[in-house]
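Each chain gets a letter, A, B and so on, in the order the sequences are listed, and its residues count up from 1.
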Amino acid sequence: MSLTFWKPGTAAPGSTLDRASQLEESIGVQIPPTHGRGQLPILKYRDNLLYCVEKFGVVIVIGQTGCGKTTQLPQFLLQAGWADDGHTIACTQPRRIAATSVASRVSDELGTKLGEEVGYSIRFEDVSSKEKTRILYMTDGMLFRETLVDPLLSRYSVVMIDEAHERSVYTDLLLGILRKIRKKRPSLRLIVSSATLDATKFLDYFSQDSEGDATIVSLEGRMYPVEVTYLQEPTPDYVRKAAETAWNINLQSLQQGPGDILVFLTGREEIDRCVQELSEMIPSLPARATRIVLLPLHAGLSTEEQLHVFQPAERGTRKVVISTNIAEASVTIEGIKFVVDCGCVKIRVFNPTTLLASLATVPTSVASATQRAGRAGRTSPGICYRLYTSSVFKVLPATTSPEITRTDMTTPILQLKSLGIDDLMKFDWVSAPPAETVLRALEGLYAAGMIDDSGRLTPVGEQVAECPVEVGIARMLFSSKEFKCGEEILTIAAMTAVQDIFVIPEGAAGALAELERRKFTAEEGDHFTLLNAYNAFTRYGRSSSWCKSHALSFRAMSRAVSIRSQLKKYMQRFNLPLESCEGDSKRLTKCLVSGYWRNGARWTADGTYRSVRGNMILHVHPTSVLFTRKPRSGWVIFHEVEETKKAH
DNA sequence: GAGCACTGC
């Protein structure tokens, strides 16, 4: 079995592209069926798209990465007058980097200055103008936040939800809200753009209302053909198999020609092992064969390390990029001709009964496998080696479960309530979160005093809904007035929102880094340790070289600075004083407990802890400063519980 | 003595 993508101009007879050119002549006549599943019209030109946007309230656009929908569609709309009369065209992206880079490209294409006709809006950065900006690229989270201020999104004429197939929590929430908005403001046009054929799910969703007028348009991708191969027999160890496959691709280079290799594995541990296996094989590489360069890629690497992956291979060498799922959608590496796909992915799952989050390795979906294969066909025809049998492929789920079904919903539900959506069971979810998750979230909001016993927002809840932090942190910020420690609690709030603050490399350098990290250690625990690290960072001039010599991530620390200054504005708005506790750790501890009292645990003689809620046996994570010490009081509060591989 | 998919406000 093989999957094929076609590049324009190279259409094979009878291919989809061929049919598309026949349709060109019937522009304006070819009206796509409203509910016609299974008959996706292949339209290629702007007139067809504009016709659909004019005629239908909701247009679902299917197009592979690279078909230009993200950059071209908003420009079509602009030229057709959709941004006249002071209206704006919004286009959401699930990631910041996509919002900024696309905005900059479109701005160039139009020959305008970024931030004027074309702008972007992401957290901490608003490069747009209320008066001038006609096309606004933004993260989905930012548009969701805007609904809290302007519930009808009245400044927009068209909203395009891009990459909807990724089904981020904010994408799902936005689709639900936009469906409600369209009932009150039918003139608002909605474009849902998706890379998979699962788009019929969106069509069904928007066709449910009586006034439902949705249609699907399919666009052609700009892709080279990718041949897909499967294993004859399943492998017991896909990491080794991945190393062998990459090795063999390189050995066959005389037939295969140049081109880099991209290997998909699930996590850092597997990546390190694969790099290890391949580097052990390198001494046996025949002299005539191409030399290979091994490049691991995962989010835990520093920015510099990640940049290595993008540098073109030196003459006479071949890059082998061994990556997590980060290379599936977030990062695009040019020059990849061979993809090796282990067939698995690590996803975060949330158990609403135990409130435990954990990482599970699960088989990829068909959509995900297709996306991975497509990474081989960006610059030339490619080959994808799937490290599983074709019978396994046939039973893969069509898509990965939407994030909203496997994550904590406390904050989103608070925000929905702030939007006046109180009956969560009646809300039209694209995919509903499990009832248990909703109940737990409501319970948590009630316990934190954000909602009353009839489920309505309290005055505090009303304010916290605006705050871009989790509920416990917000609770803490509000209590800081009573405990007179706003200055410190603000820093702790910012630091807990950032991940991977300490950088501990492998091997000997790691031991040194560990010693550096201990310099910040506070006896009181991780929150105080984070506070120490932040204060030291600002005291020593916020420099990246200082971070490097103190085992800190400059990227993470800079982010904490931004978050702190953003939260500071909220504190000022809510009249919360910024007082210092002047070294009184007791007051600060009490304030922390006021936000996280539900996450209490008691030390036991065997070194483990028992949670106050549920009396669960908990272990301290090795990255905590309490991993090596006993809390003086015998009590701790924890920020989060994560299920790991540790044997219980 | 032991561990880190990826985003986003």
Next on the checklist: Set out, in order, the CA-CA distance, both residues' side-chain angles and the distance that settles side-chain hydrogen bond (donor to acceptor under 3.5 Å, both in side chains) for Arg564(A) and Ser562(A), then state yes or no.
Outcome noted: CA-CA 5 Å; Arg564(A) 191 181 188 280; Ser562(A) 305; over 6 Å; no
Item to check | Between P of dC4(B) and CG of Leu265(A), the distance in whole Å | outcome: 17 Å
Next on the checklist: Could you tell me how far apart His165(A) (NE2) and dC6(B) (C1') are, to the nearest whole angstrom?
Outcome noted: 14 Å
Next on the checklist: Whole angstroms only, please: what is the CZ-P distance between Arg517(A) and dC4(B)?
Outcome noted: 14 Å
Item to check | Check ion pair Arg375(A)-Glu328(A) (N to O, under 4.0 angstrom) | outcome: no
Checklist entry - Can you tell me how far P of dT7(B) sits from CD of Gln499(A), to the nearest Å? => result 9 Å
Checklist outcome for this item: Of the candidates dG8(B), dC6(B), dC4(B), the side chain of Ser330(A) sits closest to dC6(B)
Item to check | Closest to side chain of Arg95(A), choosing from dT7(B), dA2(B), dC4(B) | outcome: dT7(B)
Checklist entry - For dC6(B), is chi within 90° of 0 (syn) or not (anti)? => result anti
Checklist entry - Which part of the nucleic acid does Thr324(A) contact within heavy-atom distance under 4.0 Å: base, sugar-phosphate only, or nothing? => result sugar-phosphate
Next on the checklist: What I want to find out is whether Arg273(A) reaches Asp237(A) closely enough, with some N-O distance under 4.0 Å, to be called a salt bridge.
Outcome noted: yes
Next on the checklist: Counting the atoms with a prime plus P, OP1 and OP2 as sugar-phosphate, which does Phe627(A) contact under 4.0 Å by heavy atoms, base, sugar-phosphate, or nothing?
Outcome noted: base
Next on the checklist: Closest-nucleotide mapping onto DNA chain B: is Leu359(A) or Gln415(A) further toward the 5' terminus? I mean the 5' end.
Outcome noted: Leu359(A)
Checklist entry - How many Å lie between CZ on Arg406(A) and P on dT7(B), as a whole number? => result 14 Å
Checklist outcome for this item: Of Gln566(A) and Asn325(A), the one whose nearest nucleotide on DNA chain B sits closer to the 5' end is Asn325(A)
Item to check | Intermediate values then yes/no, ring pair (Phe, Tyr, Trp, His ring centres under 6.0 Å), Phe144(A) and Tyr170(A) | outcome: CA-CA 7 Å; Phe144(A) 179 74; Tyr170(A) 287 122; 5.5 Å; yes
Next on the checklist: So Ile122(A), base contact, sugar-phosphate only, or nothing? Heavy-atom distance under 4.0 Å.
Outcome noted: sugar-phosphate
Item to check | Interatomic distance, Arg555(A) CZ vs dC6(B) P [rounded to whole Å] | outcome: 10 Å
Next on the checklist: Mind checking if Arg123(A) touches a base, just sugar-phosphate, or nothing, with heavy atoms under 4.0 Å?
Outcome noted: base
Checklist entry - Whole-Å distance between dA5(B) P and Ile326(A) CD1? => result 11 Å
Next on the checklist: Whether Thr139(A) contacts dT7(B) is assessed here as follows: a side-chain N or O lying under 4.0 Å from the phosphate OP1 or OP2. Is that the case?
Outcome noted: no
Next on the checklist: Considering every strand and a 4.0 Å limit on heavy-atom distances, what is the contact class for Thr411(A): base, sugar-phosphate, or nothing?
Outcome noted: nothing
Checklist entry - Could you give the CD1-to-C1' distance, from Ile271(A) to dA5(B), as a whole number of Å? => result 10 Å
Checklist entry - Aromatic rings Phe574(A) and Tyr570(A): how do their planes relate, parallel, tilted or perpendicular, breaks at 30° and 60°? => result tilted
Next on the checklist: Just N and O in the side chain of Thr361(A): are any of them under 4.0 Å from OP1 or OP2 of dA5(B)?
Outcome noted: no
Next on the checklist: Is Arg348(A) close enough to dT7(B) that one of its side-chain N or O atoms is under 4.0 Å from OP1 or OP2 there?
Outcome noted: no
Next on the checklist: I want to know whether His621(A) and Phe627(A) have ring centres closer than 6.0 Å.
Outcome noted: no
